[in-house]
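The structure under discussion appears below in the form of structure tokens.
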Amino acid sequence: MKTLQDIVRPNIWSLKPYSSARDEYKGFDAKVFLDANESPYHEPYNRYPDPLQTEVKRLLAPIKGVEEECIFLGNGSDEAIDLVFRIFCEPGVDNVVSIAPTYGMYEVCADVNNVAYRPVPLATDEAGNFRFSADALLAAVDGHTKAIFLCSPNNPTGQCLERDELMKVLTRFEGMVVVDEAYADFMDAPSFARLLADFPRLIVLQTFSKAWASAGIRLGIALASPEVIGLFNKVKYPYNVNVLTQRQALEVLADYGQIVKWVALLKAERTRLIASLTEYPDTSHVFPSDANFVLVRVRDAQALYDYLLTQGIIVRNRHRVQLCANCLRITVGSPEENDALMEAMRAFLR
Ligand code: PMP
């Protein structure tokens, strides 16, 4: 069995991290800050933020059901995705494996880091829905595969990957398994974060951007073993999450009940939107959704997309994405927004 050190890039394993001014005085009752060349004026913006976002993690840990030392916070989960490449993948040597179609940033980050990206197409079942197979995925793994990226619920398909198959990947693959649960709040299945204690190579990604209604503050979450989080903290920029974001995150966490209500409302709207899309005469397939969006295949996605644009309604055209010909990805909006969408779609037919 490989150790964590066998998977990490040697330069990262031996890296001595930058020690910031705020790291060095811990445990004292600090009153006068003359250590970081800040201005004494314009509180609280004059001060560097807490490099490890301690307060945010303290409120977040019980909601996520993990210890604080199992949490990394970054500038969106996109920062965590990029860090996986920078920590584990030797440019020009290592590769990562993922599925297709899936979230586009895994491939972009692979390209930026000069790491080979191996997408394994999902299968399609008799009902026309996507199916994920561990065997097909693991066939793409070789001795230089450092990580597998699995998005569940998957973007743009909307569905959770089959849990049994994902478990097979976790038990059989010796590198890092990244389960991107950006849409976790909208699924009925439990989060993979529950399995962190059993799988030290598991990294679960979540975010404030979707159900938590805070895409603008850029706050992503990685949940993993304390050893893996230690590597993230070592490689990240010292002050990667700014003061404004940390303040706003605390407000969101203090009013978590509101998030729960919004999620319930959006799930009800998802059911209503799926029903409307299923009835729509030009629909050929509505994919099941465990997320806050619905993938729908129509007769002519480009024409419908172009028409909706003229009505000021923007959906995501996925027509050119592998296995998604004539598919639109539609975010579940407010009841009024969903009504406006369906009304415009019906007008398109007239
Ligand atoms: N993962 C998935 C699957 C996503 O769809 C997105 C956003 N579209 C992200 C991660 C990035 O989220 P963040 O805003 O936290 O960077």
Side-chain angles (χ1 to χ4, degrees), residues 53 56-57 60 63-64 71-86 96-112 117 119 122 130 132 147-161 166 176-187 189 191-193 202-224 232 236-237 240-242 244-246 248-249 252-253 259 263 266 270 287 289-295 314-318 321-324 327-333:
Q53 311 94 23
V56 180
K57 288 177 187 171
L60 188 59
I63 294 176
K64 296 298 177 193
I71 305 176
F72 163 83
L73 294 175
N75 185 350
S77 27
D78 288 341
E79 180 182 356
I81 293 168
D82 190 52
L83 280 169
V84 171
F85 286 94
R86 293 166 62 204
V96 303
V97 168
S98 188
I99 53 175
T102 196
Y103 180 46
M105 278 303 283
Y106 315 140
E107 182 163 13
V108 171
C109 285
D111 290 347
V112 168
Y117 181 76
L122 292 171
F130 291 106
F132 166 61
I148 292 178
F149 283 84
L150 296 172
C151 185
S152 183
N154 189 28
N155 175 6
T157 64
Q159 258 187 296
C160 285
L161 301 182
L166 228 154
M176 305 307 296
V177 179
V178 180
V179 179
D180 185 344
E181 292 186 346
Y183 302 96
D185 299 76
F186 302 104
M187 66 187 186
S191 165
F192 272 84
L202 171 63
I203 299 172
V204 176
L205 302 182
Q206 296 189 358
T207 179
F208 277 63
S209 296
K210 311 295 178 184
W212 294 26
S214 303
I217 73 172
R218 309 306 302 130
L219 192 57
I221 306 167
L223 307 172
F232 274 80
K236 78 180 183 74
Y237 291 150
N240 61 328
V241 178
N242 69 68
L244 296 172
T245 296
Q246 293 194 42
Q248 183 56 31
V252 171
L253 290 165
I259 304 294
V263 168
L266 289 171
R270 175 178 71 193
F287 293 84
S289 174
D290 301 301
N292 67 333
F293 58 84
V294 180
L295 189 71
I314 322 297
V315 297
R316 194 92 151 110
N317 186 359
R318 300 284 76 187
V321 171
Q322 189 175 3
L323 300 175
C324 294
C327 287
L328 298 177
R329 194 196 68 192
I330 302 176
T331 305
V332 179

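When a ligand or atom number is given, it counts from 1 through the structure's own listing order.
Here the CZ-CZ distance, from F130 to F287, works out to 4.5 Å after rounding to the nearest 0.5 Å.
For ligand 1, the 4.0 Å heavy-atom shell contains residues G76, S77, D78, Y103, C151, N155, D180, A182, Y183, T207, S209, K210, R218.
Listed for the D82 side chain is no donor-acceptor partner under 3.5 Å among the backbone atoms of M105. Counting only distance, with no hydrogens or angles, the side chain of D290 and the backbone of C160 share a donor-acceptor pair below 3.5 Å. Under the 3.5 Å distance criterion, the side-chain polar atoms of R270 are matched with a main-chain donor or acceptor of A291. A donor-acceptor pair under 3.5 Å is formed between the side chain of T245 and the backbone N or O of I217.
Ring orientation note: the planes of F85 and F149 are close to parallel, at an angle under 30° on the 30°/60° scale.
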